[in-house]
Amino acid sequence: MSAAPLPAELVTRLRAARRVAVLTGAGISAESGVPTFREAQTGLWARYNPEELATPEAFRRNPKLVWEWYAWRRERVRQAEPNAGHRALVEIERRVPEFTLITQNVDGLHRRAGSHNILELHGNLFRAKCFSEDRPVESWPDGDESPPRCPRCGGLLRPDVVWFGETLPAGPLRAAEHAAATAEIFFSIGTSALVYPAADLPFKALATGAAVVEINPQPTPLSPHVTFSLNGAAGEILPALVARVWEPGGQQRP
Ligand code: BV8
């Protein structure tokens with residue numbers, strides 16, 4: 001199925017833009033084979049609701065189960081590669097003078113793809129911290145204890161991600177809010193736009209007059225508010241957009 005034509009107005013505005021901000025969610029990693037956050041989980045995890053596992057209460061109740069869920073997800077991500085959508089964002093960062101990539105994803109695929117100015121609002125699967133001290137550890141033993149113990153205090157280690165009910169890292173959130181409020185164009189890509197405060201960012205961009213572009217095969221609560229709605233897969237739409245805006249042949253008549 002050929003993708004719908006890209007709006008000429010968006011192509012023109014992106015070509016001239018100086019400040020662009022992008023918010024990504026699990027959907028941009030879907031084409032890398034990484035299941036999205038709310039997709040049915042497979043195998044052992046099928047019976048669990050991710051929103052119930054991604055909480056401090058779940059970890060207190062069953063640290064081994066939660067640690068092993070994240071170990072399973074790390075393994076899935078290790079086997080994955082960044083896809084054409086991740087790579088297109090690297091190209092947009094090269095082309096736009098001020099580009100900020102804000103991600104809700106914890107899979108580290110944007111950095112592996114080559115993006116630089118990344119704000120990880122919800123942490124990263126591949127980092128761990130001490131549950132008792134709330135301080136990061138550089139590495140942890142891959143022994144049979146699950147979860148492993150903190151080398152400093154012997155407390156349990158937990159993934160260095162932001163769980164539901166936990167506050168986001170202040171620095172990245174402040175930088176993301178600034179990027180949203182100053183962007184000329186704000187993209188919301190591959191996110192169900194359900195989780196706050198990240199889901200508030202496109203509204204901050206709209207409030208300051210930015211054009212907001214949503215890329216998602218499905219409608220979301222954000223869809224009625226956006227300036228441009230591109231219904232389809234990020235791995236198809238983003239490379240096509242980069243080609244239309246910046247590649248020599250791409251400058252065909254709109
Ligand atoms: C907080 C890390 C203070 C762990 C995650 C108002 C203000 C503030 C907070 C709240 C509020 N209202 C409610 C809250 C509480 C809560 C919240 O938002 N709940 C929701 C469910 C209502 N927020 C919090 O708890 C936050 N903390 O604000 O602290 C506070 C606390 C309590 C009360 C008030 C204030 C912390 C939120 C962070 C939670 N941690 N992840 C982990 O990953 O295990 S969030 C989790 O959801 C994921 O990380 C993910 O990043 C995030 C959003 O999900 P998506 O990325 O959108 O993924 P999803 O599967 O949902 O959707 C995928 C989309 O992709 C779909 O739309 C699909 O159509 C699309 N798609 C599929 N294929 C493709 C595609 N798109 C493009 N191309 C494709 N090929």
Side-chain angles (χ1 to χ4, degrees), residues 1 3-4 22-41 45 48-59 65-74 76-77 80 82-89 101-110 118-129 158-170 172-174 176-177 187-204 213-223 226 229-241:
M1 178 186 76
V22 172
L23 172 68
T24 60
I28 196 163
S29 297
E31 290 157 272
S32 295
V34 178
T36 64
F37 191 76
R38 284 168 181 78
E39 228 168 27
Q41 304 213 89
W45 306 106
Y48 296 101
N49 170 353
E51 286 185 6
E52 284 158 16
L53 283 177
T55 64
E57 295 72 29
F59 186 80
L65 178 76
V66 173
W67 179 266
E68 289 180 354
W69 180 47
Y70 282 90
W72 174 73
R73 291 172 62 187
R74 266 195 297 279
R76 293 291 301 264
V77 172
N83 63 61
H86 294 106
R87 289 193 296 275
L89 291 179
L101 177 51
I102 306 158
T103 190
Q104 300 172 91
N105 298 342
V106 295
D107 60 28
L109 287 176
H110 284 303
I118 304 170
L119 298 171
E120 289 184 322
L121 295 186
H122 296 163
N124 188 301
L125 274 180
F126 294 94
R127 292 197 306 265
K129 63 181 182 182
R158 56 162 284 182
D160 189 7
V161 300
V162 179
W163 281 331
F164 287 98
E166 295 185 322
T167 50
L168 276 61
L173 180 56
R174 200 170 31 251
E177 288 169 341
F187 288 83
S188 178
I189 303 173
T191 179
S192 53
L194 293 172
V195 173
Y196 284 81
D200 205 28
L201 292 169
F203 292 99
K204 288 189 185 308
V213 188
E214 183 173 48
I215 300 178
N216 196 319
Q218 303 294 330
T220 74
L222 176 65
S223 305
V226 300
S229 204
L230 310 181
N231 304 316
E236 290 166 23
I237 290 175
L238 284 169
L241 184 61

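Atoms within each ligand, like the ligands themselves, are counted from 1 in listed order.
When the options Leu53, Leu230, Val162, Val195 are ranked by their closest heavy atom to atom 37 (C) of ligand 1, first place goes to Val195. Among Ser188, Pro217, Gly235, Gly232, the residue whose heavy atom sits closest to atom 75 (C) of ligand 1 is Pro217.
In this structure, Arg73 counts as a contact residue of ligand 1, since one of its heavy atoms falls inside 4.0 Å of the ligand.
For atom 20 (C) of ligand 1, the closest non-hydrogen atom on the protein side is Leu194 O, 3.6 Å. Nearest non-hydrogen protein atom to atom 6 (C) of ligand 1 is Tyr196 CB, 3.4 Å. Nearest protein heavy-atom contact of atom 16 (C) of ligand 1 is Phe164 CD2, 3.9 Å. Distance from atom 72 (C) of ligand 1 to its nearest protein heavy atom, with residue and atom name: Gly27 CA, 3.9 Å. Of all protein heavy atoms, the one lying nearest to atom 58 (O) of ligand 1 is Ala26 CB, 3.5 Å. The closest protein non-hydrogen atom to atom 27 (N) of ligand 1 is Glu166 O, 2.7 Å. Nearest non-hydrogen protein atom to atom 63 (C) of ligand 1 is Gly190 O, 3.8 Å. The shortest contact between atom 68 (C) of ligand 1 and any protein heavy atom is with Asn216 OD1, 3.6 Å.
Under the 4.5 Å side-chain criterion, counting only non-hydrogen atoms from C-beta, Pro159 is not in contact with Leu125.
Interface atoms of ligand 1 facing Pro197, defined by a heavy-atom separation under 4.0 Å, are 28 (O).
Using cut-offs of 30° and 60° for the angle between ring planes, the Trp163 and Tyr70 rings count as tilted.
Looking at Trp69 next to ligand 1, no N or O pair under 3.5 Å apart turns up. At least one N or O atom of Ser192 sits closer than 3.5 Å to an N or O atom of ligand 1. Residue Thr191 places at least one N or O, backbone or side chain, under 3.5 Å from an N or O of ligand 1. In terms of polar-atom proximity, defined here as any N/O pair under 3.5 Å, Ala233 makes no such contact with ligand 1.
Across Leu121 and Ala198, no two heavy atoms sit closer than the pair CD1-CB, 3.9 Å. Among all heavy-atom pairs drawn from Pro202 and Leu23, the shortest one is CD-CD2, 4.4 Å.
For the pair Arg76 and Trp69, the NZ or CZ position fails the cation-pi test of under 6.0 Å to the six-membered ring centre and within 45 degrees of the ring normal.
Of the heavy atoms in Glu31, only side-chain atoms (C-beta onward) come closer than 4.0 Å to ligand 1. Within the 4.0 Å heavy-atom criterion, the part of Ala30 lying near ligand 1 is the side chain and not the backbone.
The pair Arg158-Glu166 meets the salt-bridge criterion, with a side-chain N (NZ, NE, NH1 or NH2) lying under 4.0 Å from an Asp/Glu carboxylate O.
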